[in-house]
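Data block below; observations after.
Because only heavy atoms are used, hydrogens play no part in the values below, and waters and symmetry mates are left out as well, while side chains stay in.
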Amino acid sequence: MTGSTWRYRWAYRQNERRQRVFRAADEAWRWRDEELRRLRTLAEDFGGSADAGAGLPIELDPGETVCWVLPAAQLVEVRRATVLPAPELTVALRPGPLRNRRPDGIRIADTGIAVITNRRLVLLGGRGRRDWAYGKMTGLAHDSRAPVTLIQVLDRRRASGLLLPAEAAADFRFKLSVAFADAIEQREAVLAQLDEALAEHAQRKPLRPAVLTPAQARLTGFVRGGARAVAVAAGIALLVPTALILAAPSAPSDSIRTEVAAATAATSAISATSAAATRAAAAMAGSPAPTPIGAPHLCGAPTNPLGYGFCAGDPVRKPAAEVCDWFDCVPGFWAGRGYLVQCGNSSVSLAGGSPRACGQHGGVQRAFRAPGPTAGVSPPGT
């Protein structure tokens with residue numbers, strides 16, 4: 001590889017990687033946008049009809065309509081008296097994963113068909129019918145780990161509710177919230193929440209990254225492995241003189257002195273080359289050259305000029321735009337909404353704080369920290 005060919009290859013690789021990251025982030029953003037718009041439309045058009053209850057063993061009151069039916073539901077009752085929080089108009093837009101399990105302290109009392117109407121929630125069970133009228137509800141709680149919803153009403157002392165299949169729980173909870181809000185004439189409050197979520201999501205739309213040119217190539221890109229290879233070589237070279245000295249007797253021979261001097265000279269040459277390459281790359285970009293942070297000062301983190309390590313400091317919530325030039329970023333890195341963490345397979349993610357962070361990369365290992373306030377730089381194109 002001669003002349004400036006390596007610069008063109010560097011630019012091609014970098015642009016390919018940036019486009020790959022952008023496509024993953026854009027796909028995730030579009031999926032979320034479609035889901036929010038679906039919920040907005042559902043909340044606005046949510047309703048039912050008396051005909052929807054045809055064939056069900058339920059007698060509807062005048063003006064009552066059936067909005068939703070689930071044929072597989074279980075009636076649960078709380079073993080001990082408890083006080084549930086008052087019903088709220090907040091809808092869960094990002095429900096967490098639920099497991100098909102029955103929490104401690106409740107028992108299954110019946111099995112049947114769950115029906116949501118515009119006035120009440122009903123379970124048509126084998127042992128009878130159980131109603132929860134919206135006008136009498138004093139408490140409502142959705143279990144965050146199990147597909148269980150508990151309700152308190154004025155005419156019953158103990159709380160009861162439904163245990164649903166995990167895959168149907170999120171849809172049930174959203175529709176129950178809309179039906180309850182509509183019953184107390186507060187559907188507009190739910191629509192306002194969804195409009196706010198859509199507006200906030202629109203601001204997070206990933207922008208297509210700028211195209212890098214060969215003139216922006218780092219000198220370290222000429223070396224196979226890039227900046228990492230230079231950093232590793234420098235680290236190894238720094239260890240050679242120490243190893244030779246420790247292995248030598250108390251009075252080192254002339255041959256050992258010669259080897260130590262040669263290793264020291266090699267270390268200085270590699271360090272000088274690495275520093276020159278970093279300064280040259282920074283000069284091409286029109287910004288001051290970053291000063292690499294030595295490995296001992298990063299508490300075991302990969303060597304990088306950004307100062308991100310595992311020592312004490314603030315979590316890195318807004319990493320520098322070139323973070324993926326120094327670390328192995330996971331696909332969809334810039335779509336993360338947390339802080340910088342290292343995964344089990346040594347890749348890095350920006351989803352720290354989320355239970356799904358590094359889910360496909362060995363789980364979260366450690367969080368990166370910066371020595372001071374991490375103002376950071378926004379992702380490319382933002």
Side-chain angles (χ1 to χ4, degrees), residues 28 30-56 58 60 64-76 84-85 87-103 106 108 110-125 130-134 137 139-151 160-184 186-198 201 355-356:
R30 290 180 183 277
W31 181 89
R32 181 60 181 165
D33 186 68
E34 292 176 0
E35 177 65 11
L36 287 174
R37 293 185 184 280
R38 183 188 71 83
L39 294 176
R40 175 64 170 78
T41 302
L42 176 62
E44 184 174 17
D45 300 336
F46 187 74
S49 66
D51 296 336
L56 296 175
I58 181 174
L60 300 177
E64 186 176 13
T65 59
V66 173
C67 303
W68 185 80
V69 177
L70 180 68
Q74 293 178 304
L75 172 66
V76 294
L84 300 180
E88 296 182 354
L89 297 178
T90 303
V91 292
L93 299 180
R94 285 186 177 273
L98 301 175
R99 294 182 295 174
N100 281 310
R101 67 178 184 88
R102 176 166 56 91
I106 67 171
I108 297 177
D110 201 355
T111 301
I113 302 173
V115 181
I116 294 179
T117 77
N118 61 336
R119 295 185 180 178
R120 55 182 167 161
L121 170 64
V122 183
L123 178 77
L124 304 173
R130 179 68 62 91
D131 292 7
W132 296 271
Y134 303 142
M137 286 174 54
L140 176 65
H142 301 298
D143 195 300
S144 60
R145 297 184 179 180
V148 172
T149 295
L150 296 177
I151 305 173
S160 58
L162 297 180
L163 170 62
L164 306 173
E167 60 275 10
D171 192 42
F172 162 77
R173 293 176 178 183
F174 181 82
K175 291 179 178 178
L176 179 63
S177 298
V178 176
F180 173 74
D182 189 52
I184 62 174
Q186 291 294 326
R187 187 190 297 207
E188 290 299 325
V190 175
L191 295 178
Q193 290 181 49
L194 293 168
D195 289 336
E196 183 179 354
L198 278 167
H201 182 68
R356 290 176 288 183

*Is Gln193 reaching over with its side chain to a backbone N or O of Val91, donor-acceptor style, under 3.5 angstrom?*
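Judged by distance alone, yes, a pair lies under 3.5 Å.
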*asked:* Quick check against the 3.5 Å criterion: does Arg187 have a side-chain atom that pairs as donor or acceptor with the backbone of Ala43?
replied: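 Confirmed, Arg187 side chain pairs with Ala43 backbone.
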Side chain proximity check, [X] to [Y], heavy atoms < 4.5 angstrom:
X	Y	answer
Phe172	Leu70	no
Arg102	Val148	no
Thr149	Leu121	no
Arg130	Asp110	no
Tyr134	Pro87	no
Val66	Asp51	no
Asp171	Trp68	yes
Ser177	Leu89	no

Which atom names give the shortest non-hydrogen contact between [X] and [Y], and what distance separates them?
X	Y	answer
Ala169	Leu164	CA-CD1, 4.4 Å
Arg99	Pro147	O-CD, 2.9 Å
Ala133	Arg120	CA-CB, 3.8 Å
Ile116	Ala179	CG2-CB, 3.9 Å
Ala146	Pro103	CB-CG, 3.8 Å
Leu84	Ala141	CD2-CB, 4.1 Å

How many angstroms lie between atom [atom1] of [X] and atom [atom2] of [Y], to the nearest 0.5 angstrom?
X	Y	atom1	atom2	result
Ile58	Ile113	CD1	CD1	10.0 Å
Leu163	Leu123	CG	CG	11.0 Å
Glu188	Asp182	CD	CG	10.0 Å
Ser49	Asn118	OG	CG	10.5 Å
Trp132	Leu162	CH2	CG	4.5 Å
Arg37	Leu198	CZ	CG	5.5 Å

*More than 12 heavy atoms of other residues, nucleotides or ligands under 6.0 Å from CZ of Arg101: is that the case?*
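Correct, the count exceeds 12.
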*Could you go step by step and tell me if Leu60 and Arg119 meet the side-chain contact (heavy atoms from CB on, under 4.5 Å) rule?*
CA-CA 10 Å; Leu60 300 177; Arg119 295 185 180 178; over 6 Å; no
*If you measure from the Lys or Arg side-chain nitrogens to the Asp or Glu carboxylate oxygens, is any gap between Glu34 and Arg30 under 4.0 Å?*
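Salt bridge flag = no for Arg30 with Glu34.
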*Are Arg32 and Glu35 ion-paired here, with the side-chain N under 4.0 Å from a carboxylate O?*
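The answer is no: the pair does not qualify as a salt bridge.
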